[in-house]
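Step one of this worksheet: look at the structure below.
Heavy atoms only: backbone and side chains are in, while hydrogens, waters and symmetry mates are out. Start at 1 and go down the list; that is how both ligands and their atoms are numbered. Small disclaimer: the values here were computed from a predicted structure and weren't measured.
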Amino acid sequence: MKKHNFGAGPCVLPQEVFKRAAAAILNFNDLDLSLLEISHRSADFVAVMKKAQHLVRALLGVPEGYHILFLQGGASLQFTMAPYNLMRVGGRAAYLDTGSWSSKAIREAELLGQVEVAASSKDRNYSYIPKAYRMPSDVDYLHFTSNNTIFGTQFKAFPQAEVPVACDMSSDIFSREIRVSDFDLIYAGAQKNTGPAGTTLIIVKEGILGKTGRKIPTYLDYQTHIDRDSLFNTPPVFSVYASMLTLQWLKENGGVGWIEGINAEKAALLYDEIDRNPLFEGLAARADRSTMNATFVLKDKSRAKTFDDMWRAAGIHGLKGHRSVGGYRASLYNALSIESVQTLVNVMGELETKG
Ligand SMILES: *Cc1c(COP(=O)(O)O)cnc(C)c1O
């Protein structure tokens with residue numbers, strides 16, 4: 001039987017996506033050729049790229065004037081590309097520091113200019129989202145991370161700024177409705193809610209580019225990819241194709257509004273058990289709890305071996321917390337079923353009755 005995969009990324013994707021992606025590797029579009037051996041400039045693959053872009057536009061309601069790209073290098077390369085494209089020579093940017101990924105983004109931006117950390121939750125090991133802080137207006141852009149995958153916190157309301165807003169949405173894009181027009185740059189490594197590792201989704205507003213006075217290496221310049229419709233160089237064809245299938249699955253089932261409701265149910269089911277069960281304790285501030293990554297600990301560490309044996313025996317996979325946090329992390333991405341969450345909740349309840 002398929003395991004209940006609570007892994008943080010790469011992570012569970014819809015089973016039918018795995019099946020269709022596997023079939024396309026053997027025989028794509030009845031061409032008697034593999035998806036992996038045809039030209040990325042063939043009509044068959046160009047149609048895949050266009051369809052993937054179209055699905056992103058439809059699912060998120062991306063307005064005119066925004067470009068949709070599928071690039072390589074992961075969200076980690078976007079930590080570099082964002083400042084390259086948005087920070088003026090001798091410029092300054094504001095960053096919110098809400099976790100490991102934010103910190104990594106800050107480190108890359110500091111290589112190109114000045115970074116003002118407008119707010120940080122580092123003082124309490126990133127267990128909350130900072131709320132009262134002064135947003136600088138004399139900066140080239142603001143950057144933040146919408147969902148902190150490692151610590152299990154999530155922005156419920158997005159920060160407002162007078163300057164262009166760049167957001168790393170790797171671990172919660174397509175999990176809830178957003179208004180794309182509130183952002184100027186959105187990026188997300190695919191391997192959480194979008195598809196398999198290997199591609200990064202970028203949504204970029206046209207008017208914000210070309211203003212830095214900076215020479216940008218060709219690949220790192222968003223304009224390069226916009227001009228070639230995301231086919232500047234060989235794209236990660238499998239990752240784009242399987243992402244397209246995942247987005248199609250989401251759209252056919254009811255879209256982002258549909259999954260947002262299910263994600264809220266899954267998160268409520270698990271957090272209710274974390275709060276009810278006296279053996280467990282949540283790590284993130286309640287108001288800031290992520291619907292995608294729930295972090296929690298056993299109050300009595302001596303029960304860990306018993307609990308670990310129990311959830312493994314129940315077919316649960318990938319529950320261990322990140323090494324910088326410890327404890328447990330249950331990732332509740334779009335394709336994880338409510339039955340999987342119920343299985344975990346049942347095991348937590350059984351641990352309590354074991355006395
Ligand atoms: C996973 C993750 C990243 C890193 O993504 P890569 O594609 O591995 O570079 C960055 N930011 C967030 C919020 C993540 O969850």
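- Remark: ligand 1 atoms within the under-4.0 Å shell around heavy atoms of G74 are 7 (O), 9 (O).
- Not one N or O on the side chain of S239 forms a donor-acceptor pair closer than 3.5 Å with the backbone of P236.
- With salt bridges taken as basic N to acidic carboxylate O contacts below 4.0 Å, none links E339 and K266.
- Among all protein heavy atoms, the one lying closest to atom 5 (O) of ligand 1 is A75 CB, 3.5 Å.
- Between F232 and H225, the two ring planes are perpendicular [angle over 60°; tilted spans 30° to 60°].
- Distance alone, capped at 3.5 Å, places no donor-acceptor pair between the N125 side chain and the S127 backbone.
- Contact annotation: for Q191 versus ligand 1, heavy atoms closer than 4.0 Å belong to the side chain alone.
- With a 6.0 Å cutoff to the six-membered ring centre and a 45° limit on the axis angle, R20 does not count as a cation-pi contact of F18.
- Of all atoms in ligand 1, listed by their number and element, those nearer than 4.0 Å to a heavy atom of K192 are 1 (C), 2 (C), 3 (C), 14 (C), 15 (O).
- Counting atoms of ligand 1 from 1 in the listed order, those under 4.0 Å from a heavy atom of T145 are 13 (C).
- Atoms of ligand 1 lying under 4.0 Å from any heavy atom of T149, numbered from 1 in the order shown and given with element: 12 (C), 13 (C), 14 (C), 15 (O).
- Taking the six-membered ring where the residue is Trp, F158 and F144 present tilted rings, their angle falling between 30° and 60°.
- Of all the heavy atoms of Y187, none lies under 4.0 Å from any atom of ligand 1, so neither backbone nor side chain is involved.
- Close approach of ligand 1 to F79 (heavy-atom distance below 4.0 Å) involves ligand atoms 10 (C).
- Checked against a 6.0 Å centroid threshold, the rings of Y84 and F79 do not count as neighbours.
- Open room surrounds NE2 on H54; 12 or fewer heavy atoms of other groups in view lie less than 6.0 Å from it.
- At least one N or O atom of S76 sits closer than 3.5 Å to an N or O atom of ligand 1.
- The proximity of N147 to ligand 1, defined as any non-hydrogen pair under 4.0 Å, is limited to the backbone.
- For atom 12 (C) of ligand 1, the candidate residues are D168, T200, T199, I173; the nearest heavy-atom contact is made by D168.
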